[in-house]
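See structure below.
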Amino acid sequence: MTEQAPKKVDMEKIVSLCRRRGFIFPSSEIYGGLSSCWDYGPLGVELKRNIKDAWWRAVVQERDDMVGLDTSIMMHPQTWVASGHLEGFVDPLVECKSCHLRWRSDDLAGDSCPSCRGELTEPRLFNLMFKTFMGPIEESASVVYLRPETAQGMFVNFQNVVNTTRKRLPFGIAQIGKAFRNEITTGNFVFRSREFEQMEIEFFVKPGTDGEWFNYWIEERLNWYVKLGIKKENLQLRQHTKQELAHYARDCYDIDYLFPMGWAELEGIANRGDFDLVQHTKYSGKSLDYFDEETKEHFIPYIIEPSAGVDLSALAFLCDAYDEEPAEDEIRVLLHLHPDLAPIKVAVLPLSRREKLVAAAKKIYADLRQHWMVSYDDAQSIGRRYRRQDEIGTPFCVTIDFQSLEDEQATIRERDSMNQIRVPIAELKGTLQAKLEGEPLFVLPPGGQIWKEEKK
Ligand code: GAP
């Protein structure tokens, strides 16, 4: 994390919203929680799925040069010898001789305990991989690790992918999955978790073309966040210094986001050179080289790796979308989430609980939920219900009133502007679809009209 930034949004407000509305809960909360592990609630799971779907669409579905994989969390232990994690995935740890709290020595400004000022032990190296045993016998021969990154599953399957898909260079593999790190320094909500999800790309290229692909992916990944609504001024690129570079990296840029606690890494894009395929060839004894049919050459491809965190993306999208604005005599809290990311796309709200209105609204609800995550709410005043949807980022509310029973029309209210249009119920699905894809609200379907224009 780099220098402190002016606070735009308080982390406490984000944590409180996530807790209150069911985005994110502390893990095993009824037992007092488990440090740096988090549970995604009914809205959080939708947000996370939407982030992963948007990523998969952009990097696999819409491209000819990418395929997906889903590899196992536990891998052959030699993987971690070859990757360098067994020896090198370590943090220097010191312990306070008085209060026994442990700290990463490279995080400390002074040489005493930040908590009680006690004397600290000499640093010792602490491996961040979680260890467990495979099978019934707890002995060193059966030790396996929970993967600290999804990347290795893609490297060891390089030849399988080439053989089964006949992909030619340059091409990439994408994977989304859980990773585990026994982080010493945790905190800032989901920012440093011990169990988290990654969205990783391993893009294989001919050596010599790696520089241009490295720049290409930096640009591509930065644009992905902007396209999904993150403000440009809250993103920055930061090149790793020589001292910072991971043991496998020739070059690396972080995409940093301006979190409430300051600029911090959201995604890393590394040029890994041929490190991984050379190492796995060496330790497995299996050739992982590539035959270029055009030039008749054998070589080990270089790898460009854009590696993003799902949880960090969720946190960044929430922080960026969070807003408060005065509305009548209260504060309207809203999430300006991109429609692709919003957990609920449409809320159907009958004006009252009168039987005929409820029946008409439930029919619309049943139709619309065939297409999107839709919620139905008939509790409390319409104003309260709008606020509840604003707070979770629902882009559109559909209101059914008494006139709807006569004229077969419903009102669509837009979250950000609070403007409203009235459209034939028969046109609802098509209209909502167009609006969710970005059509301006006041572009009307046949028979539609502007209903209410909020003056701001
Ligand atoms: N394969 C390369 C790799 O794993 P990394 O920079 O260590 O690189 C990539 O991790 C991304 O994974 C980070 O940018 C971050 O988004 C996410 N990540 C890493 N450690 C995390 C943690 N403890 N909690 C949440 N996300 C984490």
Side-chain angles (χ1 to χ4, degrees), residues 1-2 24 27 34-38 40 48 51-52 55 69 71 73 75 79-80 82-85 88-91 104 107 126-130 145-156 172-203 217-218 221-222 224-225 230 235-240 244-257 259 261 263-273 275-276 279-280 303-319:
M1 215 169 301
T2 51
I24 303 174
S27 164
L34 180 66
S35 171
S36 300
C37 294
W38 302 94
Y40 285 77
K48 227 161 65 128
I51 292 170
K52 290 186 278 185
W55 184 85
L69 274 190
T71 69
I73 285 172
M75 299 180 69
T79 309
W80 309 112
S83 70
H85 281 84
F89 196 49
V90 287
D91 278 341
R104 256 177 76 160
D107 275 351
F126 171 79
N127 195 297
L128 302 187
M129 283 196 293
F130 279 99
Y145 299 92
L146 302 188
R147 66 182 178 199
E149 59 174 12
T150 72
Q152 301 301 323
M154 294 184 269
F155 303 141
V156 301
I173 306 179
Q175 169 157 241
I176 300 177
K178 288 262 179 166
F180 304 82
R181 296 182 190 179
N182 200 358
E183 301 278 3
I184 304 169
T185 316
T186 56
N188 280 321
F189 200 23
V190 297
F191 182 77
R192 272 282 164 267
S193 307
R194 294 198 164 105
E195 173 179 340
F196 55 96
E197 242 178 320
Q198 290 185 313
M199 306 183 282
E200 296 201 291
I201 297 170
E202 305 304 334
F203 200 78
W217 277 110
I218 292 170
R221 293 300 307 140
L222 197 59
W224 183 79
Y225 293 102
I230 298 226
L235 291 166
Q236 72 175 17
L237 284 173
R238 193 183 67 82
Q239 187 173 23
H240 281 207
E244 250 182 300
L245 279 179
H247 60 280
Y248 51 75
R250 294 170 163 243
D251 200 353
C252 186
Y253 274 84
D254 283 348
I255 298 178
D256 285 350
Y257 176 73
F259 286 99
M261 68 282 183
W263 287 103
E265 177 187 348
L266 183 57
E267 168 162 354
I269 297 129
N271 180 345
R272 298 182 73 122
F275 178 84
D276 306 281
Q279 287 294 100
H280 287 301
I303 297 174
I304 307 300
E305 179 194 62
S307 173
V310 180
D311 312 80
L312 293 204
S313 298
L315 182 59
F317 284 120
L318 284 169
C319 291

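Indexing begins at 1, ligand by ligand and atom by atom, following the structure's order. This one's a predicted model, so the numbers in the text were calculated from it and none came from an experiment.
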(message) Is there a side-chain contact between Tyr225 and Phe317 in this structure, where contact means two heavy atoms from C-beta onward sitting under 4.5 Å apart?
(response) yes
(request) Hey, can you tell me if Trp38 and Phe189 have their rings parallel, tilted or perpendicular (30° and 60° cut-offs)? (result) perpendicular
(message) According to side chain to side chain contact (heavy atoms under 4.5 Å, CB included), who are the partners of Leu69, at least two apart in sequence or on a separate chain?
(response) Thr71, Met154, Asn157, Val161, Ile173
(request) Please say whether the positively charged group of Arg221, taken as NZ for Lys or CZ for Arg, lies over the ring of Trp217, i.e. under 6.0 angstrom from the six-membered ring centre and within 45 degrees of the axis. (result) no
(request) Run the salt-bridge test on Glu197 and Lys52 with the 4.0 Å N-O cut-off and return the result as yes or no. (result) yes
(request) Can you label the angle between the His280 ring and the Phe155 ring as parallel, tilted or perpendicular, going by 30° and 60°? (result) tilted
(request) Run through ligand 1 for me and note each protein residue having a heavy atom under 4.0 Å from it, chain first, then residue number. (result) Glu149, Ala151, Arg181, Glu183, Val190, Phe191, Arg192, Ser193, Phe196, Gln198, Glu200, Tyr248, Glu265, Leu266, Glu267, Gly268, Arg272, Glu305, Ser307, Ala308, Gly309, Leu312
